Amino acid sequence: MNINATLIGQSVAFFIFVWFCMKFVWPPVIAALQERQKKIADGLDAASRAARDLELAQDKVGQQLREAKAQASEIIEQAKKRGNQIVEEARDQARVEAERVKAQAAAEIEQEVNSVKDALRAQVGSLAVSGAEKILGASVDQNAHADLVNKLAAEI
Amino acid sequence: MAAETASGYIQHHLQNLTFGQLPDGGWGFAHSAAEAKAMGFWAFHVDTLGWSVALGVLFVLVFRLAARKATSGQPGCLQNVVEVLVEFVDTSVKDSFHGRSAVIAPLALTIFAWVFLMNAIDLIPVDWIPQVAARLSGDHEIPFRAVSTTDPNATMGMALSVFALIIFYSIKIKGIGGFIGELTLHPFSSKNLLVQAILIPVNFLLEFVTLIAKPVSLALRLFGNMYAGELVFILIAVMFGSGLLWLSGLGVVLQWAWAVFHILIITLQAFIFMMLTIVYLSMAHEDNH
């Protein structure tokens, strides 16, 4: 257990190992460590960002869904209203049409009645004339008594 | 066994393989403790240097292997181990060292890993490595100590290297004047120049002892712990050589128990050496006087 030059040898070896460690061991390992730390931090950042994005997207989806629902119910409402309107219009139209047809029919009937009345009147006139002829026994001049006959027919 | 008696056995185990100048003037290995002592300062403990350098090379190679393949992606098995150590050292350095330095952290890692590996050889049963050395060399009396940190030369060598760094950084950060001022103008100071002049030697005495205590305590703490631990292992090993069955059985139990306890000591001593180095260098960097 003598103190001797082993001490110097040990010191030299010590400095060489420290130098080697400083140059070739420490920097790559610590660089890898730091890079991984950065990667993990970035990953966590990205994850929290993604979570926030997801939340935003979910909010947006909910909002859009609500809007769509509101729109849909509005459309349905409108459609119902429109349907009602169309039914109402059709009903009105039908009523008007029916009135019109009825009125037309009534007018036609009136006309028919009038023409029948006219024909009857004419026939009655001629019957009356022929009756009167028979009664008088003489012929009545058609043209001469036309006025009379017509007056008679109008009175019937 | 190298020696028949217990004391001879213990002495044999505490003898380093020393290479130096022999009494006849030639260079070679010392054959006895007295011869090793007679070699004086210019002699080398080949076993201490060989094991420490081999373990240091093992450390740098393994760590270099991991560092070359270091990826920021998923780390492999080796990289995981290395990263745990690097991160542990880095945290320790950041906790106690507040300056910025590219040297401190790798230095601390080297100290921790190297001292740990040298200490860990202590867990190998005390006779194995000397026996292998004896078989390989053919000389059954060859002294061989495998645990470098039980050699005060090794611990002193490292402590003095750290001490050199302490002086270097003290002067680099504070300048020569600042460093001398730190040694002489504290803890006692006075506005009066005459009083200050009287106080300077007192301060120097106190601060110089503080300064010298750093490497000495570093070296002796590690050496003392490891030397004592190895000595206990050797004493337990003497039990095996006793030839008594019950004593050998007790030795097995004690060997196991002491080895388990020693796992704590080798790690703790490596950690303390590293931590104190960081603290001392941190103090060298602080310009608070």
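Every chain is numbered from 1 and lettered A, B, ... according to where its sequence line falls, protein lines coming before strand lines. Keep in mind the model is a prediction, meaning the values are calculated, not measured. All heavy atoms count here, side chains included; hydrogens, waters and symmetry mates do not.
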For chain A, the option from [options] that forms the most heavy-atom pairs under 4.5 Å:
options                              : result
B/Val89, B/Asp90, B/Val82, B/Ile111  : B/Asp90
B/Gly73, B/Ala105, B/Ala36           : B/Ala105
B/Ala159, B/Gly20, B/Gly157          : B/Gly157
B/Thr155, B/Thr48, B/Leu65, B/Leu109 : B/Leu109

Need one label for [X]: side chain, backbone, both or neither, based on atoms under 4.5 Å from any heavy atom in chain A.
X        : value
B/Thr18  : side chain
B/Trp42  : both
B/Leu160 : side chain
B/Leu165 : side chain
B/Thr71  : backbone
B/Ala102 : backbone
B/Val46  : neither
B/Phe19  : neither

If we define contacts as heavy-atom pairs under 4.5 Å, which of A/Val18, A/Val12, A/Ile30 has the most with chain B?
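Of A/Val18, A/Val12, A/Ile30, A/Val18 has the most heavy-atom pairs under 4.5 Å with chain B.
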Do you know which of A/Phe17, A/Trp19, A/Phe24, A/Phe14 has the most heavy-atom pairs with chain B at a distance under 4.5 angstrom?
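Top count of heavy-atom pairs under 4.5 Å with chain B: A/Phe17.
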Say whether, by atom type as modelled, one donor and one acceptor occur between the side chain of B/Thr110 and the main chain of A/Cys21 under 3.5 angstrom.
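Between the backbone of A/Cys21 and the side chain of B/Thr110 there is no qualifying donor-acceptor contact (under 3.5 Å).
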Donor-acceptor pair, B/Asn153 side chain versus A/Asn2 backbone, under 3.5 Å?
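Judged by distance alone, yes, a pair lies under 3.5 Å.
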Can you find a heavy atom in the side chain of B/Pro106 that is under 4.5 Å from one in the side chain of A/Lys23?
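Side chain of B/Pro106 against side chain of A/Lys23, heavy atoms only: no contact under 4.5 Å found.
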Are the side chains of A/Met22 and B/Leu107 in contact, using a 4.5 Å heavy-atom criterion?
no
Heavy-atom pair of closest approach, residues [X] and [Y]:
X       : Y        : value
A/Ile3  : B/Pro152 : CD1-CB, 4.2 Å
A/Leu33 : B/Val86  : CD1-CG1, 3.9 Å
A/Ala32 : B/Ala70  : CB-CB, 3.9 Å
B/Ser72 : A/Glu35  : OG-OE2, 3.0 Å
B/Val60 : A/Val25  : O-CG2, 4.3 Å
A/Gln10 : B/Ser52  : OE1-OG, 3.1 Å

Please flag which part of A/Ile8 lies under 4.5 Å from any non-hydrogen atom of chain B: side chain, backbone, both or neither.
side chain
For A/Gln37, is it the side chain, the backbone, both or neither that has a heavy atom under 4.5 Å from a heavy atom of chain B?
side chain
Heavy atoms from other residues, nucleotides or ligands near CD of A/Glu89 exceed 12 (cutoff 6.0 Å):
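Yes, the 6.0 Å shell around CD holds more than 12 heavy atoms from other groups.
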State whether the number of non-hydrogen atoms from other residues, nucleotides or ligands found under 6.0 Å of A/Glu55 atom CD is greater than 12.
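Counting neighbours around CD of A/Glu55, 12 or fewer heavy atoms of other residues, nucleotides or ligands fall under 6.0 Å, so no.
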